[in-house]
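The block underneath contains the structure these notes are about, expressed in structure tokens.
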Number of protein chains: 2
Amino acid sequence: MSKLPARIRLADAAFALFDERGYEQTTIDDIAERAGLGRTTFFRNYRSKEDVIFPDHDRLLALIRDRLATSSNSTALVAVSDAVRLVLLHYVEEGDLARRRYALTSKVAALRDREIASVARYQRLFREFIADWMGGPTESASLRAELMAAAVVAAHNHVLRRWLRGESSDPVAEVDEAMREVLALFPAPGSSPAPGGGTTVVAFRTGQDIDTLLPSLRRLVEDGAER
Amino acid sequence: MSKLPARIRLADAAFALFDERGYEQTTIDDIAERAGLGRTTFFRNYRSKEDVIFPDHDRLLALIRDRLATSSNSTALVAVSDAVRLVLLHYVEEGDLARRRYALTSKVAALRDREIASVARYQRLFREFIADWMGGPTESASLRAELMAAAVVAAHNHVLRRWLRGESSDPVAEVDEAMREVLALFPAPGSSPAPGGGTTVVAFRTGQDIDTLLPSLRRLVEDGAER
DNA sequence: CCAAGCTATGGCACTGAGTGCCGCAGGTAA
DNA sequence: TTACCTGCGGCACTCAGTGCCATAGCTTGG
């Protein structure tokens, strides 16, 4: 009986008790007792009470770091999108567990704060990566990296929360779309004069139809111009 | 002697001890003793140990709320900028105290997390305000509100941290400039959906030349489509 | 087959944050 | 004077988190 590893049994007991009595009303002694284990064993498996709920943030951080590390200068934005998709997928694969965690973080302020702090660590990773990629330690580049990183994780969180609330059936498609929107916000960086004369289209919106504005587009491309 | 109110004496004692021994090495008993007061009095004045360092986040939140509340539909963005400037000014006026707090939050993880959680509350305020202002509970508007709020607080934090590190002599000017940059990222609202079906071009970059991708563009416009 | 060692666990004692209650001094108003 | 009210101290309690020591079970080397 009870062949399951202690770590699992503790997590099961913890979630069950959190559901029954609420997070704050559950002590670690309760959890250990329910799992048929000692209090010491709990702390050997989890650093803290909150840790039962957020077990693998470290692994996720490493995942992001790895994905970002394996990118050349020209594929930086792809790497960012991939990393974001990776994180989202991680949660989606957790399925019901992620939703139970969301229910808890929605109710308990301490857990919400903890979650936010974790997200900030992801954001920091992205910020540093983007800043590096932008090259110059210019003040302007620094600000732009900060803005972009903030937008990236905001987009991720937005889609994730939609999925957690059951408002999204295809979160991966949504996050890809959201990331396109985010990247569209930021003008292309340093490398922009696409080698071999590509085409750069800057986002705008107009009342004219496409044939009307084609000549302007063409002229822009030829001039390599501004605005 | 010691006519200063307990609240002040406790804060002074706390900061002094944090400087001397570090945050974690200081107990609340230490603080109370140094202030010549009882432990009970500490908790009557501050909810927790961290609270001594972040005394008036509630007041700041209210400040933002008030500033945002007194804005018409057409002055929403001005209100956002004003609110951000207000928060920055609050810190700047704290002067040395803000810098001591920064030194602490830079070293102690628990304090950093707490700070981040507070910032998240500001961000939430901005997000809700911006979402309201954007009107429609469209999914797209919701995402855009989230992105914009994230960018707004990122810009604020960027400038604030520069000032805290002594890298900025005129933070107010810098934050105004940063806010201009943020607002420039986001296409003007309301007025934009050109009445009568205009053309929307999303920013992207490609190695192909413009004639190659024209058919795709045309198809997009006709389908009113995705991807 | 036995001994040494490793690992997972339990028990226990301790620190320190945070809560709740009660009691007391000093000032104020009826 | 009496009757409050307010700010404070003391005390006892819960609970999270740490550190240390003991033990049971299994593996490995002789």
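Just so it is clear: chains get the letters A, B, ... in the order the sequence lines come, proteins before strands, and each one is counted from 1.
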Could you state the [atom1]-[atom2] distance from [X] to [N], rounded to the nearest angstrom?
{"X": "Asp30(A)", "N": "dT14(D)", "atom1": "CG", "atom2": "C1'", "result": "12 Å"}
{"X": "Arg44(A)", "N": "dG11(C)", "atom1": "CZ", "atom2": "P", "result": "12 Å"}
{"X": "Phe42(A)", "N": "dT9(C)", "atom1": "CZ", "atom2": "P", "result": "14 Å"}
{"X": "Ile28(B)", "N": "dG10(D)", "atom1": "CD1", "atom2": "C1'", "result": "16 Å"}
{"X": "Asp29(A)", "N": "dA16(D)", "atom1": "CG", "atom2": "C1'", "result": "10 Å"}
{"X": "Arg9(B)", "N": "dC8(D)", "atom1": "CZ", "atom2": "P", "result": "8 Å"}
{"X": "Gln25(A)", "N": "dT14(D)", "atom1": "CD", "atom2": "P", "result": "16 Å"}
{"X": "Phe43(A)", "N": "dA16(D)", "atom1": "CZ", "atom2": "P", "result": "7 Å"}

[X] side chain, from C-beta outward: closest of [options]:
{"X": "Asn45(B)", "options": "dC8(D), dG17(D), dT9(C)", "answer": "dC8(D)"}
{"X": "Thr41(B)", "options": "dT9(C), dG17(D), dC8(D)", "answer": "dC8(D)"}
{"X": "Thr27(A)", "options": "dG18(C), dA16(D), dG17(D)", "answer": "dA16(D)"}
{"X": "Leu37(A)", "options": "dA17(C), dA16(D), dG10(C)", "answer": "dG10(C)"}

* Tyr23(B) six-ring centre to Lys49(B) NZ/CZ under 6.0 Å and within 45° of normal -> yes

* Structure fact -> Interatomic distance, CD@Glu50(A) vs CG@Asp113(A), rounded to 0.5 Å, equals 9.0 Å

* To the nearest 0.5 Å, how far apart are CG in Asp51(A) and CZ in Phe42(A)? -> 8.0 Å

* Asked: Mapping Thr40(B) and Thr26(A) onto DNA chain D by nearest heavy atom, which one lands closer to the 5' end?
  -> Thr40(B)

* Map Ala6(A) and Arg47(B) onto DNA chain C by nearest heavy atom, then report which one ends up closer to the 5' terminus. => Ala6(A)

* Side-chain donor/acceptor contact of Arg39(B) with base of dG16(C) under 3.5 Å -> no

* Ion pair check, Asp132(A) and Arg127(A), cut-off under 4.0 Å -> no

* Asked: Side chain of Ser81(A), backbone of Val78(A): donor and acceptor closer than 3.5 Å?
  -> no

